[in-house]
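I have placed the structure first, in the form of structure tokens, so that the comments after it can refer back to it.
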Amino acid sequence: MSTLKSAFLQAISERGYIHQCTDLDGLDAVFAGTPVPAYIGFDCTADSLHVGSMVPIMLLRRLQQAGHKPIVLMGGGTTKIGDPSGKDTARQMLTDADIARNMAGIRSVFEKFLSFGDGPTDAIMINNDDWLNGLSYVAFLRDYGRHFSINRMLTFDSVKLRLEREQPLSFLEFNYMILQAYDFLEINRTYGCRLQMGGSDQWGNIVNGVELARRVDGAEIFGLTAPLITTASGAKMGKTAQGAVWLNEDRLSAYDYWQFWRNTEDADVGRFLKLFTDLPMEEIRRLEALRGAEINDAKKILANEATRLCRGEAAAQEAEETARKTFEQGRSGDALPSVEVEAAALSDYAVIDAMVATGLAASKGEARRLIKQGAVKLNDAPLADTEAKLAPAQAADGQIKLSAGKKRHALVKVR
RNA sequence: GGAGGGGUGGCCGAGCGGUCAAAGGCAGCAGACUGUAAAUCUGCCGACGUAUGUCUACGUAGGUUCGAAUCCUACCCCCUCCA
């Protein structure tokens with residue numbers, strides 16, 4: 001690989017975003033000059049994106065930072081079909097109303113990471129339903145279907161794996177790649193977009209788009225994929241006890257989001273700093289060189305930076321402050337999950353009920369189990385009695401701190 | 001349309017009349033060790049209850065039986081082969 005000239009490719013190469021590219025040198029030449037649009041598609045199967053989409057989101061952010069134009073493609077049309085890539089079974093069909101609601105939620109996430117507008121480097125958001133829904137079947141087959149060979153399509157992983165494992169693949173899903181390829185052609189025509197990016201599982205779909213545009217329009221466009229991010233111990237990134245790590249505030253509190261990053265494995269810290277923060281490379285190199293307990297400082301910086309990008313400066317500071325009080329001083333911060341109780345009702349309030357109410361336990365049975373296992377602390381004092389009730393005397397500063405294990409804490413606030 | 005196979009807990013997957021809240025694995029939670037890390041070891045892992053107890057659950061709805069995830073009937077869904 002020769003030396004990269006464009007700021008964009010230099011940055012994403014150095015920070016570890018590049019997995020495959022259709023023509024790296026050609027792409028570099030295109031991006032070395034004036035602003036160029038590039039897009040990534042996101043589907044609308046949920047009303048929020050989660051941490052698993054952070055790499056594509058950050059790719060668009062880097063693109064904008066390097067002076068180019070990010071296009072966020074919402075898969076309003078393709079979501080009706082479902083991408084078979086990486087899935088064993090067809091996804092559930094969503095209604096138009098579901099999709100519209102999901103798109104609105106996802107839009108609010110992107111507004112944190114990109115600056116939208118009408119300028120040459122402002123981000124825009126478009127919806128492939130706008131062109132896919134009106135396609136005429138016969139005309140589409142005649143104009144574009146003839147450029148796809150079934151023989152070739154059967155060799156793509158998304159299709160091949162299903163067939164090899166004898167799992168069903170509907171004709172509907174089989175068409176997904178054709179529509180995604182057409183998206184690229186359409187976006188190239190309308191917006192002059194030269195590049196589609198995506199996760200490594202999108203390689204086949206992206207290549208199809210590049211080839212279709214070349215055959216139909218003679219356009220020279222490019223594809224680039226990012227590696228699938230797993231943790232150093234091999235787990236898929238982005239899952240916790242409560243499920244997915246959502247980017248939307250209303251699905252996951254800023255404190256929990258901060259904690260997710262704070263709990264990064266040692267071996268991942270450097271890689272994650274490069275991928276998920278805007279910190280300069282020199283700073284990252286210094287942080288990832290830390291060893292032993294010192295690497296915890298790097299994890300805090302990672303948590304702060306990642307939370308700041310997604311939830312704002314204030315939320316990041318509050319989460320850090322709460323974590324500092326909770327873990328380092330044994331006190332409690334304001335951002336912990338809490339439940340409010342009338343002072344008069346306090347002495348009748350069972351600890352296990354409080355644990356369920358604050359989310360520390362999913363059921364009373366689980367709460368009892370945690371107590372039996374010695375995991376529960378009340379104001380940092382171990383609690384052994386599964387039937388214990390709260391007492392007004394425990395409410396220092398008008399609140400009682402409950403802990404389930406070392407990491408999960410909550411407050412009972414007395415009114 | 002015809003013939004066969006199948007739908008089990010978050011996932012995978014055993015069970016094939018009672019001893020089944022259902023083996024085993026994965027995921028998850030807690031404890032020990034640590035650094036809010038990893039690895040390792042130990043315990044837990046449907047709900048409600050102090051409880052040997054009750055309830056809910058093995059695609060859906062009925063039925064047979066003292067007793068059904070297991071047998072029968074109908075329906076829904078999926079797969080394979082044939083047309």
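Letters go in sequence order (proteins before strands), and every chain restarts at 1. The analysis underlying the following values was restricted to heavy atoms, covering all of them including side chains, and did not include hydrogens, waters or symmetry mates. All values derive from a computational prediction rather than experimental measurement.
Below 30°, between 30° and 60°, or above 60°: for A:F31 and A:H68 the angle between ring planes is above 60°, a perpendicular geometry.
Both distances falling under 3.5 Å, in either a Watson-Crick or a G-U wobble arrangement, place B:G24 opposite B:C12. In this entry B:A3 has B:U80 as its Watson-Crick or G-U wobble partner, both defining distances falling under 3.5 Å. The base-pairing partner of B:C48, taking Watson-Crick or G-U wobble contacts with both distances under 3.5 Å, is B:G53. Across all strands shown, B:C71 forms a Watson-Crick or G-U wobble pair with B:G63, both key distances being under 3.5 Å. The base-pairing partner of B:U40, taking Watson-Crick or G-U wobble contacts with both distances under 3.5 Å, is B:A32.
Closest contact between the side chain of A:R262 and the listed nucleotides B:U36, B:A47, B:G35 involves B:U36. Comparing B:G31, B:U36, B:A47 by their nearest atom to the side chain of A:S363 picks out B:A47.
Comparing the same atom, P, in B:G10 and in B:G18 gives a spacing of 25 Å after rounding to whole Å. Remark: the separation of the C1' atoms in B:A22 and B:U36 is 37 Å, to the nearest Å. Taking the P atoms as reference points, B:U19 lies 15 Å from B:C55, given to the whole Å. Nucleotides B:G46 and B:U65 place their C1' atoms 27 Å apart, quoted to the nearest Å. Here, B:C58 and B:C66 have their P atoms 23 Å apart, quoted to the whole Å. The P atoms of B:C82 and B:C20 are separated by 43 Å, rounded to the nearest whole Å. A gap of 26 Å separates the C1' atoms of B:G2 and B:C71, to the nearest Å. With both ends at atom P, the span from B:U64 to B:C16 equals 25 Å, rounded to whole Å.
Nearer to the 5' terminus of RNA chain B, by closest-nucleotide assignment, is the contact made by A:Q259 (compared with the other of A:Q259 and A:A362). Toward the 5' end of RNA chain B, the nearer of the two residues A:E387 and A:R291, judged by each one's closest nucleotide, is A:R291.
Using a 4.0 Å cut-off between charged nitrogen and carboxylate oxygen, A:R189 and A:E186 do not count as a salt-bridge pair. In summary, A:R291 and A:D266 do not engage in a salt bridge, as defined by a charged side-chain N under 4.0 Å from a carboxylate O. The pair A:K389-A:D353 does not meet the salt-bridge criterion, since no charged nitrogen lies less than 4.0 angstrom from a carboxylate oxygen.
Regarding contacts with the backbone of B:U50, a side-chain N or O of A:R368 is found under 4.0 angstrom from either OP1 or OP2. A:R408 has a side-chain polar atom (N or O) that falls below the 4.0 Å cut-off from OP1 or OP2 of B:A30. In this structure, A:K407 reaches the B:A37 phosphate: one of its side-chain N or O atoms is under 4.0 Å from OP1 or OP2. OP1 or OP2 of B:A37 has not a single side-chain nitrogen or oxygen of A:T264 nearer than 4.0 Å. OP1 or OP2 of B:U36 has not a single side-chain nitrogen or oxygen of A:T326 nearer than 4.0 Å.
Taking atom CG on A:L290 and atom P on B:A37, their separation rounds to 17 Å, with Å as the unit. When rounded to the nearest whole Å, the span between CH2 of A:W258 and P of B:U36 equals 12 Å. Atom CZ in A:R369 sits about 14 Å away from atom P in B:G31, given to the nearest Å. Rounded to whole Å, atom P of B:A37 lies 14 Å from atom CZ of A:F260. Regarding A:N296, its CG atom lies at a distance of 10 Å from the C1' atom of B:U34, rounded to whole Å. Rounding to whole angstrom units, CG of residue A:L402 and C1' of B:A30 are separated by 16 Å. If you take NZ of A:K364 and P of B:U56, they are 19 Å apart, rounded to a whole angstrom. A:I301 has its CD1 atom 17 Å from the P atom of B:U36, to the nearest Å.
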Item checked: Pair A:Q317-A:E313, side-chain hydrogen bond (donor to acceptor under 3.5 Å, both in side chains): steps then yes or no -> CA-CA 6 Å; A:Q317 281 182 10; A:E313 180 70 40; 2.9 Å; yes
Next item on the list: Start with the C-alpha gap between A:Q202 and A:Q196, add the side-chain angles, then the distance that decides, and say whether side-chain hydrogen bond (donor to acceptor under 3.5 Å, both in side chains) holds.
Entry: CA-CA 10 Å; A:Q202 294 300 310; A:Q196 178 182 184; over 6 Å; no
Item checked: Audit row: A:R311, A:Y257, side-chain hydrogen bond (donor to acceptor under 3.5 Å, both in side chains) steps and yes/no -> CA-CA 9 Å; A:R311 303 302 183 82; A:Y257 189 77; over 6 Å; no
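A donor and an acceptor atom sit less than 3.5 Å apart, one in the side chain of A:K406 and one in the base of B:U34. One N or O donor and one acceptor, one from the side chain of A:Q373 and one from the base of B:G43, sit under 3.5 Å apart.
A:A323 comes within 4.0 angstrom of a base, heavy atoms only.
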